[in-house]
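Written below as structure tokens is the structure these notes are about.
The first residue in the sequence is number 1, and the count goes up from there.
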Amino acid sequence: MKRFGVTRAEFIAGLGASAALALSKGVAAAGKPPFPRHPLSSDWQLGPFTRTATGPLIRPDPNAVFDCPMRKRPVHWMAAHTFNPASVVKDGKMVVLFRAEDNPDEKVIGFHTSRLGYASSGDGKHFKVRAAPVLYPDEDSQKQAEWEGGCEDPRLCEGPDGTYYVTYTQWNRQRVRLGLASSRDLIHWHKHGSAFAGSRYEQLATKSAAIIQKIDGGRMKAARINGKYWMVFGENQIHIATSTNLINWSPVEQSNGELLALMSRRPFHFDSDLPEVGPPPLVTGKGIVMLYNGKNSESDASRDPTIGAGAYSGGQALLDLNDPTKLLERTDKPFIRPELPFEKSGQYKAGTTFLEGLSYFDRKLFLYYGTADTYVALAVADWHE
């Protein structure tokens, strides 16, 4: 079924139709048992990550009701799907912001209304969900950018003064745009509009952004490199931007004025259809490790035949510690892929392990991901300095 003459998937695919097909070599990672600990072949990679459960951590709740300021009536805001989570640690607890969709009778991906829900946990595994969403379309300055598609796919970051920043997709069912908001408590948010406000990229049709972070005093926080903060963004191609205040961002350009592309799709790999930004890249002693999402092509002529057509898996890439615009290495095989039943059954039938949240908690790395555009799941790894 289609609406507005085009589905959300077709619209997003169209954004990347002109993307360059630059190839990038990587290093191999192996393993795919049904409940895996994947052995890694390079010492710079994070992990191995182990799934903590055979089922979702956060599920849709048809009983959750919210007074929508746009519809002027109560809505069942998380009745359809709860997925694509961001994470951050606050006051010793794990906080996850997740994308929730209403209207379970709607069957076209991208044509529900999305709002960001809030869940907290003392152990990072068992969550209590707040009754109402915390970031959503409202009668505010971002109404035209967010209604009625909503606020989607967040990534979280703590700044140096304890302010939290969320990057998210603004979707008005005609255009996608990268939005940014800030908060002191993760519940009350101030929307700043486009992450590229005031520049020629303000209306850039792009999504998925994450700020590079480091572990500082036992907490993941925004990393300053060469006097700047850095943010990777985009799908089809992954780009990079800089900021001095974590609010106003400037994309890095090539000498010809075109956006610098860190990564593009690779035929016959798990990211043969597209790479897309994952959770916050993390500064390590080996460089900046960027976990990212790769979509396998649906065409037999270019896809990885060992992974389902159209499936989203997780890869790793290494950026230069002193110059984040330089891609040093990239894995040829995913370290996580849709394998469990709830990762392959749901709204997105091809399956996803869509990575969005990475936090340092209890001296481990907690990796939160969305499954089949329907649920939230978790994998955990030891952290080695």
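Note that NZ of Lys90 and OH of Tyr164 are 5.0 Å apart. Values are rounded to the nearest 0.5 Å. A distance of 14.0 Å separates CZ of Arg266 from OG of Ser297, quoted to the nearest 0.5 Å. Put simply, CZ on Arg337 and OG1 on Thr306 are 5.0 Å apart, with the number rounded to the nearest 0.5 Å. Atom-to-atom distance recorded for Trp383:CH2 and Lys364:NZ is 13.5 Å, nearest 0.5 angstrom. Distance OG/Ser120 to NZ/Lys128: 7.5 Å, rounded to 0.5 Å. A distance of 7.5 Å separates CG in Asn293 from OG1 in Thr353, rounded to the nearest 0.5 Å.
Residue Trp249 is tested with Phe233, Tyr229, Tyr201 for a side chain to side chain contact (heavy atoms under 4.5 Å, CB included); the sole match is Tyr229. Test Phe354, Phe342, Tyr375, Tyr312 against Tyr348 for ring pair (Phe, Tyr, Trp, His ring centres under 6.0 Å) and you get one pass: Tyr312. The side chain to side chain contact (heavy atoms under 4.5 Å, CB included) test with Phe49 singles out one residue from Phe366, Tyr369, Phe335, and that residue is Phe335.
Using a 4.0 Å cut-off between charged nitrogen and carboxylate oxygen, Lys295 and Glu235 do not count as a salt-bridge pair. One finds a salt bridge joining Glu356 and Arg155 here, because a Lys/Arg side-chain nitrogen approaches an Asp/Glu carboxylate oxygen to under 4.0 Å.
Proximity of Ser182 to Leu246: side-chain heavy atoms (C-beta onward) are nowhere separated by under 4.5 Å. Within the 4.5 Å cutoff, no side-chain heavy atoms of Cys68 are placed close to those of Tyr136. You'll find the side chain of Leu116 stays beyond 4.5 Å of the side chain of Trp189, heavy atoms only. Annotation: side chain of Glu148 is in contact with side chain of Arg173 (closest heavy-atom distance under 4.5 Å). Side-chain contact check for Leu367 versus Leu355: some heavy-atom pair is nearer than 4.5 Å. With a 4.5 Å cut-off on side-chain heavy atoms, Leu319 and Leu327 count as touching.
Asp304 and Asn296 form no side-chain donor-acceptor contact under 3.5 Å, judged by distance and modelled atom types alone. Using modelled atom types, one finds a donor on one side chain and an acceptor on the other under 3.5 Å when comparing Arg71 with Thr113. A side-chain donor from one of Thr163 and Arg184 sits under 3.5 Å from a side-chain acceptor of the other. For Ser194 and Arg177, the side-chain atoms include no donor-acceptor pair closer than 3.5 Å.
Looking at Ser183, its side chain does come within 3.5 Å of a backbone N or O of His188 through a donor-acceptor pair. Judged by distance alone, the side chain of Thr242 and the main-chain N or O of Lys228 form no donor-acceptor pair under 3.5 Å. Remark: side-chain polar atoms of Glu101 are not paired, donor with acceptor, to backbone N or O of His81 under 3.5 angstrom. In this structure a side-chain-to-backbone donor-acceptor pair under 3.5 Å is present from Gln316 to Leu46. Asp273 places no side-chain N or O within 3.5 Å of a backbone atom of Glu298 that could act as its donor or acceptor partner. Checking side-chain atoms of His76 against main-chain N and O of Pro62 turns up a donor-acceptor pair under 3.5 Å. Trp171 contributes a side-chain N or O that, together with a main-chain N or O of Gly110, makes up a donor-acceptor pair within less than 3.5 Å. Without hydrogens or angle criteria, Asp300 side chain to Arg303 main chain gives no donor-acceptor distance under 3.5 Å. Judged by distance alone, the side chain of Trp230 and the main-chain N or O of Ala223 form no donor-acceptor pair under 3.5 Å. Although no hydrogens or angles enter the test, the distance criterion places no donor-acceptor pair under 3.5 Å between the side chain of Ser87 and the main chain of Val96.
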(request) Run the numbers on Val75 and Phe66 for side chain to side chain contact (heavy atoms under 4.5 Å, CB included), then give the verdict. (result) CA-CA 5 Å; Val75 298; Phe66 161 68; 4.0 Å; yes
(message) Leu186 vs Arg130, test: side chain to side chain contact (heavy atoms under 4.5 Å, CB included). Steps then yes/no.
(response) CA-CA 12 Å; Leu186 297 168; Arg130 187 177 173 87; over 6 Å; no
(message) Test side chain to side chain contact (heavy atoms under 4.5 Å, CB included) on Gln213 and Tyr360; report intermediate values, then the result.
(response) CA-CA 11 Å; Gln213 300 182 30; Tyr360 178 69; over 6 Å; no
(request) Just do the side chain to side chain contact (heavy atoms under 4.5 Å, CB included) check on Arg99 and Tyr168 with the steps written out, would you? (result) CA-CA 10 Å; Arg99 174 179 170 183; Tyr168 66 101; over 6 Å; no
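Taking hydrophobic clusters as Ile, Leu, Val, Met, Phe, Trp and Tyr residues chained together by side-chain heavy-atom distances below 4.5 Å, Tyr292 shares a cluster with Ile212. Hydrophobic cluster membership differs between Phe83 and Phe127, with clusters built from Ile, Leu, Val, Met, Phe, Trp and Tyr side chains linked at under 4.5 angstrom. No continuous path of ILVMFWY side-chain contacts below 4.5 Å connects Trp147 to Trp77, so the two sit in separate hydrophobic clusters.
Shortest non-hydrogen contact noted between Lys191 and Asp140 is NZ-OD2, 2.9 Å. Taking all atoms of both residues into account, the shortest heavy-atom contact from Met78 to Val129 is SD-CG1, 4.1 Å.
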Would you be so kind as to tabulate the donor-acceptor pairs closer than 3.5 Å made by side chains of residues 276-290, with sequence neighbours excluded?
residue : atom : partner : partner atom : Å
Glu276  : OE2  : Lys207  : NZ           : 3.1
Glu276  : OE2  : Ser208  : OG           : 2.4
Thr284  : OG1  : Lys286  : N            : 3.1
Thr284  : OG1  : Gly287  : N            : 3.4
Thr284  : OG1  : Gly287  : O            : 2.8
Lys286  : NZ   : Asp43   : OD2          : 3.3

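Annotation for Gln144: atom CD does not count as buried by contact number, only 12 or fewer foreign heavy atoms lying within 6.0 Å.
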